[in-house]
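Everything on this sheet refers to the single structure shown next.
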Amino acid sequence: MAQVTLRDLASNEDIVVPQEGYLFGRAGGDADIQIEDDSISRRQARVAFKNGRWVLETLAVPQGQRAPKPLALQEGVTFSIGASDFEVVAIDEEEGEVD
């Protein structure tokens with residue numbers, strides 16, 4: 001089954017994201033990964049498996065701005081959500097059934 005492993009660079013903890021993806025957002029919301037950062041939205045970004053590859057999609061942008069194109073994730077890529085940094089440490093792109 002497709003999954004991607006991310007490392008939270010502040011805590012050095014690994015996060016295994018299943019094929020259905022994970023939502024990142026401010027603590028107190030309904031995001032799968034909640035970040036203590038008032039500068040981000042409760043639904044800031046999503047890591048998802050789309051069209052056979054893993055991507056990071058920005059969901060919340062300041063009014064009047066357009067969301068950037070999804071970022072294709074590869075091992076070794078780092079990205080930030082608010083003040084939190086993450087690194088892609090492993091990718092499995094073998095598609096499986098989603099429960």
Side-chain angles (χ1 to χ4, degrees):
M1 180 155 113
Q3 64 183 29
V4 63
T5 303
L6 307 175
R7 180 163 296 139
D8 179 331
L9 295 177
S11 67
N12 210 33
E13 291 184 39
D14 286 350
I15 302 163
V16 178
V17 180
Q19 185 170 330
E20 58 270 14
Y22 268 178
L23 182 65
F24 290 74
R26 183 176 66 235
D30 64 348
D32 300 296
I33 306 298
Q34 297 190 16
I35 301 168
E36 293 286 340
D37 186 340
D38 289 338
S39 72
I40 64 172
S41 169
R42 286 177 286 175
R43 300 175 60 86
Q44 182 67 35
R46 174 178 43 225
V47 169
F49 189 68
K50 293 194 170 187
N51 301 319
R53 65 186 182 133
W54 285 96
V55 295
L56 172 68
E57 301 172 301
T58 301
L59 303 176
V61 294
Q63 190 170 353
Q65 293 184 16
R66 295 189 330 186
K69 291 182 181 181
L71 170 68
L73 297 179
Q74 300 175 2
E75 289 182 14
V77 166
T78 60
F79 61 90
S80 300
I81 298 176
S84 298
D85 297 317
F86 299 89
E87 178 183 6
V88 179
V89 293
I91 291 181
D92 177 0
E93 293 180 338
E94 184 177 321
E95 220 170 329
E97 290 184 28
V98 176
D99 295 333

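Numbering starts at 1 and runs along the sequence shown.
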- Closest heavy-atom pair, R42 versus A31, reported as atoms and distance to 0.1 Å, is O-CB, 3.8 Å
- Task: Give a yes or no on whether E75 atom CD has more than 12 heavy-atom contacts from other residues, nucleotides or ligands under 6.0 Å away.
- Result: yes
- Message: So, taking the atom named CZ in R66 and the one named OG1 in T58, what distance separates them when rounded to the nearest 0.5 Å?
- Response: 13.5 Å
- Item | Pairs flagged by side chain to side chain donor-acceptor pair (under 3.5 Å) wherever residues 78-88 is involved - sequence neighbours left out | S80-D85
- Salt bridge between D30 and R43, side-chain N to carboxylate O under 4.0 Å? yes
- Task: Hey, could you give me the CG/CD distance between D92 and Q19, rounded to the nearest 0.5 Å?
- Result: 9.0 Å
- Item | L59 reachable from Y22 in the ILVMFWY side-chain graph, under 4.5 Å edges | no
- Heavy-atom nearest pair, A27 first then Q34, reads CA-OE1, 3.5 Å
- Do you reckon V4 sits in the same ILVMFWY cluster as L23, going by side-chain contacts under 4.5 Å, direct or chained? no
- Any link between V17 and L71 through a network of hydrophobic side chains (Ile, Leu, Val, Met, Phe, Trp, Tyr) touching at under 4.5 Å? yes
- Return the orientation label for the F49 and W54 ring planes: parallel under 30°, perpendicular over 60°, tilted otherwise. tilted
- Between atom CZ of R53 and atom CD of Q74, what is the distance when rounded to the nearest 0.5 Å? 9.5 Å
- Item | Pairwise distance CD1(I15) to CG(D32) - rounded to 0.5 angstrom | 10.5 Å
- Give the C-alpha distance, both sets of side-chain angles, the deciding distance and a yes or no for side-chain contact (heavy atoms from CB on, under 4.5 Å) between V47 and V55. CA-CA 6 Å; V47 169; V55 295; over 6 Å; no
- Note on the structure: The complete set of side chain to side chain donor-acceptor pair (under 3.5 Å) pairs with one or both residues in residues 7-16, sequence neighbours excluded, reads R7-D14
- Item | Straight-line distance of Q3 CD to I91 CD1, nearest 0.5 Å | 11.0 Å
- Task: Could I get the full list of side chain to side chain donor-acceptor pair (under 3.5 Å) partners for R26, not counting sequence neighbours?
- Result: none
- Query: Measuring from T5:OG1 to F86:CZ, what's the distance to the nearest 0.5 Å?
  - Reply: 13.5 Å
